[in-house]
Undergrad: 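Encoded as structure tokens, here's the structure I'll be asking about.
We count ligands from 1, going down the list as the structure has it; atoms in each ligand are counted the same way.
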Amino acid sequence: MFHKIKKEELTWGESLGQGSFTKIFKGKREEYIDCDSHQMDVLLKVLDHTHRNYSESLFEAASIMSQISHKHLILVYGICAVNKDNIMVQEYVKHGALDIYLKKNKNKSRVNISWKLEVAKQLGYAMNFLEDKRIVHGNICAKNILLTREGDAMTGLPPFIKLSDPGISITILPIEGKLRIDRIPWVAPECIGNPRNLSLESDKWSFGTTLWEIFSPGDLPLNSLEPSQKLQFYQDYLRLPAPKWSELAHLINQCMAYQYSLRPCFRAIIRDLNRLITSDYELLSDLPPSEI
Ligand SMILES: Nc1cnc(-c2cc(N)nc3[nH]ccc23)cn1
């Protein structure tokens, strides 16, 4: 299941904010290797004990990911139980979540089309790895993509991302609450009525929404809609505003097919992303990012 971490190994640092049922802190973990002590930066994800049933879901999701290792998946070191709180100890990823990073670097030349395509392709590799292992993530979105390396266009050094754990699964979120509706348009339509429809196919829908996020200039999809309007969006089989780059729009719409059996596998998605990378998108590159 999980490696048990002693609280004496951990030093608590600054608060980095909070998720739906979690508080996150930067920290350090003292590790002894061959009698030498090593301090490493870690992220401490605390689940407040008032939501104990959510904690099982949080740790179950993370434990699935910690049983596999891939360069584009977050590393979970283990769990530390302190008093009634459960703390997940993860590797610390220097540049944080992609959604914040995209907003902060909206008009920076560094975050150009090839940068975004590279990030999308790396996410595709992580998802293809999970698909091959028949592992459903369940919460693919820019907020759960972490940036290990910003990359440098001058030296041609690409960015490097890691997919974070999915956090609380929508199968746990109560339908009466608006938390599940709030996840529209990331959560696939078939999962709104019955979250147990969460599947490898629903991850493809979320990948499409995340592609849209990566290429939109820091906007959130359907951000202006009320929860009831978000539901209506699915009932009317509507689509997100298409980016001007028609090949990209086509790939996003293929992933976000309402008929889940029509969504492409990640091997095909990676092939299509490679085609976008080699296409003459240079023609687009003189457009401002918001025009893609
Ligand atoms: N596994 C993770 C997850 N998030 C971070 C992170 C890094 C940062 N620079 N600012 C942040 N603000 C919030 C979270 C965070 C780091 N590692």
Undergrad: Counting distance only, does the side-chain N/O of W12 pair as donor-acceptor with the main-chain N or O of K28 below 3.5 Å?
TA: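 Looks like no, no N/O pair under 3.5 Å.
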
Undergrad: Y77 side chain to H3 main-chain N or O, any donor-acceptor pair under 3.5 Å?
TA: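 Absent.
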
Undergrad: Checking the side chain of R29 only, and the main-chain atoms of D41 only, is there a donor and an acceptor separated by less than 3.5 Å?
TA: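 No; judged by distance alone, with no hydrogens or angles, the pair does not exist.
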
Undergrad: Report the C-alpha separation of L147 and F160 in whole Å, then their side-chain angles, then the decisive distance to 0.1 Å, and conclude whether the side chain to side chain contact (heavy atoms under 4.5 Å, CB included) test is met.
TA: CA-CA 6 Å; L147 194 64; F160 197 93; over 6 Å; no

Undergrad: Under the salt bridge (Lys or Arg N to Asp or Glu O under 4.0 Å) rule, what pairs show up with a residue in residues 210-228, not counting sequence neighbours?
TA: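 Checked against salt bridge (Lys or Arg N to Asp or Glu O under 4.0 Å) - neighbours excluded - no pair reaches residues 210-228.
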
Undergrad: So, does D203 use its side chain to make a donor-acceptor pair with the main chain of H137 at under 3.5 Å?
TA: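 Yes, D203 side chain to H137 backbone: donor-acceptor pair under 3.5 Å.
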
Undergrad: Could you name the protein residues that come within less than 4.0 Å of ligand 1, counting only heavy atoms, and order them by chain and residue number?
TA: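 Ligand 1 is contacted, at a heavy-atom distance under 4.0 Å, by L16, I24, L43, I74, Q90, E91, Y92, V93, K94, G96, L146.
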
